Amino acid sequence: MTGTCHHRRERLRREAEAQLRDRSLPTWQHRVLQRFAVEHENGWFPLLHRSAPHTPADRPDAVLVGPLGVLLILLRDEEPGWETSREAFVWAAERLAGASIGPGMLTEAAARTVLVQPAGHRGRPSNTGEHLTITDGELDRILRRGERVLEEADVQAIARHLDGRTFDLTPIMWQPRRIPQQRGPGRTGGTASPFDIPDPRREQVERAPERLFPDWRFFLDGTQLGAVRRRYSGPARITGPAGTGKSVVALHRLAYLARRTTGRLLFTTHLRNLPLIAEEQFRSLAPQLAQRIEFTHLHAWARDFLAGRGRAAEVDEQQVEQAFNAVWQRSELTETLRNFRPVRGYWKDEIDRVIKGRGIRSLETYRSVSRKGRGANLPPEFRAYVWQFYCEYERALSERDAFDHNDVLMRALAEIERRPLPRQYTSVVVDEVQDLTLIGLRLVHAISGDGPDQLLLVGDGQQQVHAGGWRLSEAGISLRGRGEILRRNYRNRLAITERAGELDAIDRFDDLEGGPTVSLRSSRPVLRGGQVVEWQGRNQEEAVVSALRRLNDNSSVAVLTRTNGTAEHWEKVLRAAGFAVRPVGRWDGRACAPIHVGTVHRAKGTEFRSVFLPGEPLPSGRYREEREALHRQRLVGMTRARDFLWLGTVISSCGAPSRSTTRSRGPESGSSPDPT
Ligand SMILES: Nc1ncnc2c1ncn2[C@@H]1O[C@H](COP(=O)(O)OP(=O)(O)OP(=O)(O)O)[C@@H](O)[C@H]1O
């Protein structure tokens, strides 16, 4: 330490001593607060509870705002119970609410509670995860080590905000009035026009891409934070186009509710890998609350629930396939169906999504049901053939003593109706709700109940992969306008949003609900730039491999396909070209060298810097609903890309040269290769 530095710290210590003189603090607490005061020179702004050392148990004794976040300090000889510690956190979080800083609105994830005990203290920490416990000899752990999350101007804005929100906290060693006003984001001085009216919202958003610590954990925009904190008197829905932060908001809301309630919370969806991704992200957001939340896909939940009630329900996929094939091969049953629609998958979907997916139990009901989004209008007399086919499928299943995924959900629902769940979850969040079956939706509703904040549905109709043609009201769910629409796209750069917005991806889901729809086309991308390469030619394998080799940054790349078969093909091609490959289902959000390969369906909930969508054989495209489904699927694939999108079309005409066109949007095109 230099002489001047030592001298300055000594002066600060003496000033702090003068400020703390009137408080009859125990010596060790005095030492700790003096240290906090001295840290002001390193960018920390301490505030002391006005009653310290007689602070009410459920309030922090001090709050420190600094580059590493907001620390809520408990100075205690004895370890407080977790409820007390949590109440102190919530009290401070309520006062921090609404703190608006450069990158957005501050979230609770920027704050953590720290229990400081006197050195030599022998009590054993309870390890509830509510707070970090250290002794007064270990203050460097919280003041010097850790992730830097706030910029200097933001620290000052938060400190000032806190001071303005409560008389219970008193600044020590700094005076709010003496802090220079925070500069407008992105402004470096100069003369502003007298007619300039600053629009803080616009400034925050424009600054988002270039900010120092871009992190959805610490900052959200105003609409997002509103959706996190709002109290909904019944089921609610968060919707918005791809990349607008729906999943991020769902995670923050879980953390917010977990902190203010007791009991368990459930995050579920019909996708197998999404709960794993969500759990991983939640751990980085609020590790201490992770054990309160169950992350599971709905079928696994139903299976475990039935097992808990002594009713095994393991699906044998092979048996299910065999049962379906056995019936599909019986021409006397399928001839009429094949003449109408030759594709096997269409009739499989009819059973999975419409008949069983909607829990239809009689031909009469099936005859009258609306099948919106399923294409062809099936006349009632024709439906008798489909029904017969379905009945034979059921028979084939029972001959094999097998059941399919719909049966598991139906059994779970029937079991809950027979013997309701004891009040099991405080709150249930369902992601990608647009692709649930009606039975799935009824099941989550039966699990959650209708009470305040008990059910949150998150989804986007434009990304629907399976049309089921149901309405929320058929599951007994009434939203009454509760919910939020998110519009700012934080993921896809402008060029990518524009290209994906050209797709005619009709939102059947919101169409059915009659609610307002916001399409990707009308979302507002926050990130400028981006590059889209559209390639046409015959040797697509060579084109993809050479474009991959030209990428500036290949730490986050995916090759996405429509079918599993095509994904296997690309896996082989890439391995043969020397690339490391990993299934897209194993994406964990971290940048890594292997190229992720898999179907678009598997890629839901993921995102990459660069995405390749090679051309592949498509269904006939003769039918409207087929075309619609393809567009929606393509939209999901394209919107997984942040900076760079490669779209391939294979042409078969002999001798036609390959060509590629490139659309770039400005200099921020990320990992784009040279497209020539
Ligand atoms: N306020 C924010 N500030 C910065 N980044 C954000 C913010 N909100 C979301 N993001 C980022 O935007 C990306 C998209 O978020 P998220 O996956 O939650 O969107 P989504 O609406 O669920 O997308 P999709 O429907 O396409 O799956 C993520 O990288 C997320 O970290």
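Values below: all heavy atoms of this structure, side chains included; hydrogens, waters and symmetry mates excluded. Each ligand, and each atom within it, is numbered from 1 in the order the structure gives. Computed from a predicted structure; not experimentally measured.
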I want to know if ligand 1 touches Gly243 in the polar sense, i.e. an N/O pair below 3.5 angstrom.
yes

(message) I'd like to know if the side chain of Ser556 reaches the main chain of Arg609, judged simply by a donor and an acceptor atom lying under 3.5 Å from each other, with no hydrogens or angles considered.
(response) yes

Numbered in order shown, the ligand 1 atoms found under 4.0 Å of a heavy atom of Asp221 are 1 (N)

| query | Does Arg292 use its side chain to pair, donor to acceptor, with the backbone of Gln288 at less than 3.5 Å? | reply | no

### Query
Does the N or O separation between Val248 and ligand 1 drop below 3.5 Å for any pair?
yes

Requested in this report: May I ask you to check whether Gly245 has an N/O atom sitting below 3.5 Å from an N/O atom of ligand 1?
Outcome: yes

**Prompt:** Does ligand 1 have an atom that lies less than 4.0 angstrom from a heavy atom of Arg640?
**Reply:** yes

Partner of Thr437 under side chain to side chain contact (heavy atoms under 4.5 Å, CB included), picked from His405, His270, Arg353, is Arg353

query = Does NZ or CZ of Arg259 fall inside the cone over Tyr256's six-membered ring, less than 6.0 Å from its centre and within 45° of the axis?
reply = no

- request: Let me see the working for Glu279 and Gln281 under side-chain hydrogen bond (donor to acceptor under 3.5 Å, both in side chains), right down to the final yes or no.
  value: CA-CA 5 Å; Glu279 183 168 10; Gln281 289 180 330; over 6 Å; no

Notebook entry, point to check: Going by distance alone, is a donor N or O of one side chain under 3.5 Å from an acceptor N or O of the other, for Asp431 and Ser247?
Noted result: yes

Honestly, for Lys604 the part within reach of ligand 1 (heavy atoms, under 4.0 Å) is neither

**Close approach of Asp460 to ligand 1, heavy atoms, under 4.0 angstrom** = no

Notebook entry, point to check: Are any of the side-chain nitrogens in Glu108 or Arg217 under 4.0 Å away from the carboxylate oxygens of its partner?
Noted result: no

A student checking ligand 1 against Glu607 at a 4.0 Å heavy-atom cut-off should list atoms 13 (C), 14 (C), 28 (C), 29 (O)

**Glu607/Arg640 salt bridge by N-O under 4.0 Å criterion** = no

So the atoms of ligand 1 within less than 4.0 Å of a heavy atom of Ala242 turn out to be 25 (O), 26 (O)

Among Arg217, Arg491, Arg488, closest by heavy atom to atom 17 (O) of ligand 1 is Arg491

- Message: Evaluate Thr639 for polar contact with ligand 1, using N/O atom pairs at a separation under 3.5 Å.
- Response: no

